[in-house]
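What follows is one structure encoded as structure tokens, with my remarks underneath.
In what follows, every chain begins at residue 1, and chains take the letters A, B, ... in the order their sequences are listed. The shown structure was predicted, so the numbers you read here are calculated from the model rather than taken from an experiment.
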Protein chains: 2
Amino acid sequence: MPTSTVEDYLKCILVESQASPGARVTTGQIATALSVAPGTVTSMIKALAKSGLVSYEPYSGVELTREGRELAMHVLRRHRLIELFLVEVMGVDWSEVHAEAELLEHAVSDRLIDRMDEMLGRPSVDPHGDPIPDARGRLEEPDAASLVGCPLARALRVVRVTDQTPEFLQLAEREGLMPGSELVVASRSEAAGTVVVEAADGRQVSLGYRAASRIQVAAPE
Amino acid sequence: MPTSTVEDYLKCILVESQASPGARVTTGQIATALSVAPGTVTSMIKALAKSGLVSYEPYSGVELTREGRELAMHVLRRHRLIELFLVEVMGVDWSEVHAEAELLEHAVSDRLIDRMDEMLGRPSVDPHGDPIPDARGRLEEPDAASLVGCPLARALRVVRVTDQTPEFLQLAEREGLMPGSELVVASRSEAAGTVVVEAADGRQVSLGYRAASRIQVAAPE
DNA sequence: AGGAGTATTTTGACTACTCAAAAATAGCGG
DNA sequence: CCGCTATTTTTGAGTAGTCAAAATACTCCT
Ligand SMILES: [Mn+2]
Ligand SMILES: [Mn+2]
Ligand SMILES: [Mn+2]
Ligand SMILES: [Mn+2]
């Protein structure tokens, strides 16, 4: 059985490689994402390679093997189902569930995960709009536009928020930018690096490009 | 923060010392209960003593300090609330929740535990009839009679089952000996070491002394 | 092509947990 | 009070994960 550390490394590599498909995930990326020293990642990576969970090219980076990806998908499934369970059943705030799920994903049995899945009606997305892999580890990653790349002055709906920090999530909630919320992008200033958004309640919010890129939108239903 | 290993050792020492109050808990007891080698326990105990969580008398055994007991009580509270949550909310079988809670007790936050406590209506006993420490770590251990020591031919009610193995718990369920079940002890044979019990449905079951001592009863409400 | 600067790997060390087997001890039974 | 046995402790070793700092490799700019 993989340790929870191994599970976290694999999940991290999966998520990072989804962010930039095709490219190898680098040591430094992993070190930053997991808040560990670069040398720690190198030695861990070697162990993962020896177990056949990743393929490792020194000075270039890693890629998940079929086995590694399957394992990572199961961890990601557990993580996202737990997040949704915490919000829907336990009434925990969506800004706090990520940290909670980070630990629980290693402690919950497959039987229990399936009970949650059932209770929640086999959901396809978590509270942040992240897609939930199915029980066989299949996942389709929909490519939506962010507030930086979407059309202006058009009615849109938030479908995903890709920043897990409590501060960002609380801000998004306050400003009416949670998944499901409707909005219009009023204007963008390349020079200032800001995006002005009008939320459903009519309030205008100004976001920096960094923040705006974390909010994905689609056409309203 | 204590590791989950430390939490398990402390919980183990607490439970063992409740089984025989006053006496020190021995190295061998802990080794058996946790399925680790005796030498492992000795070194762990020394570390716990250095942290001020137990007082250690070589060749005699350990005792929890005030701080150690508080920590152990919180772990025990988490364990038992999780067990009840799994049975009541998630519909998991009572014979399986112990193993599940053994892991979850180290991963669930205090906030979440309190949500469970609330959802369950501040319960005082878990699915096996074990008392649940309150949020301040207080616990009253009711002393009930077991099927070996209780009066014969009298209507009684099962209040607690003190064996966590799935096999035993499944047997108890099959034979109508779960907490809340009514029964009568028909007879006991000192020589054969057996106790004959008549369950609520009229069926008679014969139990060995070992098994019978694991079932605690009280007067029906 | 040669450096400069950045990223990665290596090295050496540390904490936490574990076991097997050897050594020490306590507590009887005579 | 002496020796045997069961228990406990000690010793030596191994796995898993981590860091700081030194060494190395890659990349890009001049
Ligand atoms: Mn995690
Ligand atoms: Mn999420
Ligand atoms: Mn445990
Ligand atoms: Mn219990």
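Among the atoms of the strands shown, none is found under 4.0 Å from any heavy atom of B/V41. Heavy atoms of B/G39 sit under 4.0 angstrom from at least one base atom.
One can place CZ of B/R24 at 16 Å from C1' of D/dT7, the figure rounded to the nearest angstrom. Separating the CE atom of A/M44 from the P atom of D/dC19 is a distance of 13 Å, rounded to the nearest angstrom. In this structure, the CD atom of B/Q29 is 13 Å from the P atom of D/dT9, given to the nearest Å. Whole-Å rounding puts the A/Y56 OH to C/dA7 C1' distance at 11 Å. Atom-to-atom, CD1 of B/I45 to C1' of D/dT10 comes out at 14 Å; the value is rounded to the nearest Å. Rounded to an integer number of Å, the gap from B/E7 CD to C/dC17 P is 11 Å. Taking atom CG of B/L53 as the reference point, atom P of C/dA16 lies 13 Å away to the nearest angstrom. The nearest whole Å value for the distance from the CG atom in A/L34 to the C1' atom in D/dA16 is 16 Å.
Paired with B/V195 under the rule side-chain contact (heavy atoms from CB on, under 4.5 Å), one option of B/I215, B/V205, B/V185 passes, and it is B/V185. Tested against B/R78 for a salt bridge (Lys or Arg N to Asp or Glu O under 4.0 Å), the candidates B/E102, B/E7, B/E105 yield a single pass: B/E7.
OP1 or OP2 of C/dT9 has not a single side-chain nitrogen or oxygen of A/K46 nearer than 4.0 Å. Taking side-chain N and O atoms only, B/Y9 has a distance below 4.0 Å to OP1 or OP2 of C/dT18. When the side-chain nitrogen and oxygen atoms of B/T42 are compared with OP1 and OP2 of D/dT8, none of them lie within a distance under 4.0 Å. Side-chain N/O atoms of A/T26 include one lying less than 4.0 angstrom from OP1 or OP2 on C/dT8. Between B/T27 and D/dT9, a side-chain N or O to OP1/OP2 separation shorter than 4.0 Å is present. Here B/S43 does not reach the OP1 or OP2 of C/dT18: none of its side-chain N or O atoms lies under 4.0 Å away.
Summary of the strand contacts: A/Y59 and A/T40 both lie near DNA chain D, and taking for each the nucleotide with the nearest heavy atom, the more 5' one is attributed to A/T40.
In the set D/dT9, D/dC19, D/dG17, D/dG17 carries the atom at the smallest distance from any side-chain atom of A/T3.
Salt-bridge annotation for A/D110 and A/R115: absent, with no side-chain N of the basic residue lying under 4.0 Å from a carboxylate O of the acidic one. Residues A/R160 and A/D130 are paired through a salt bridge, judged by an N-O separation under 4.0 Å between the basic side chain and the carboxylate.
More than 12 heavy atoms of other shown residues, nucleotides or ligands fall within 6.0 angstrom of atom CD in B/E141.
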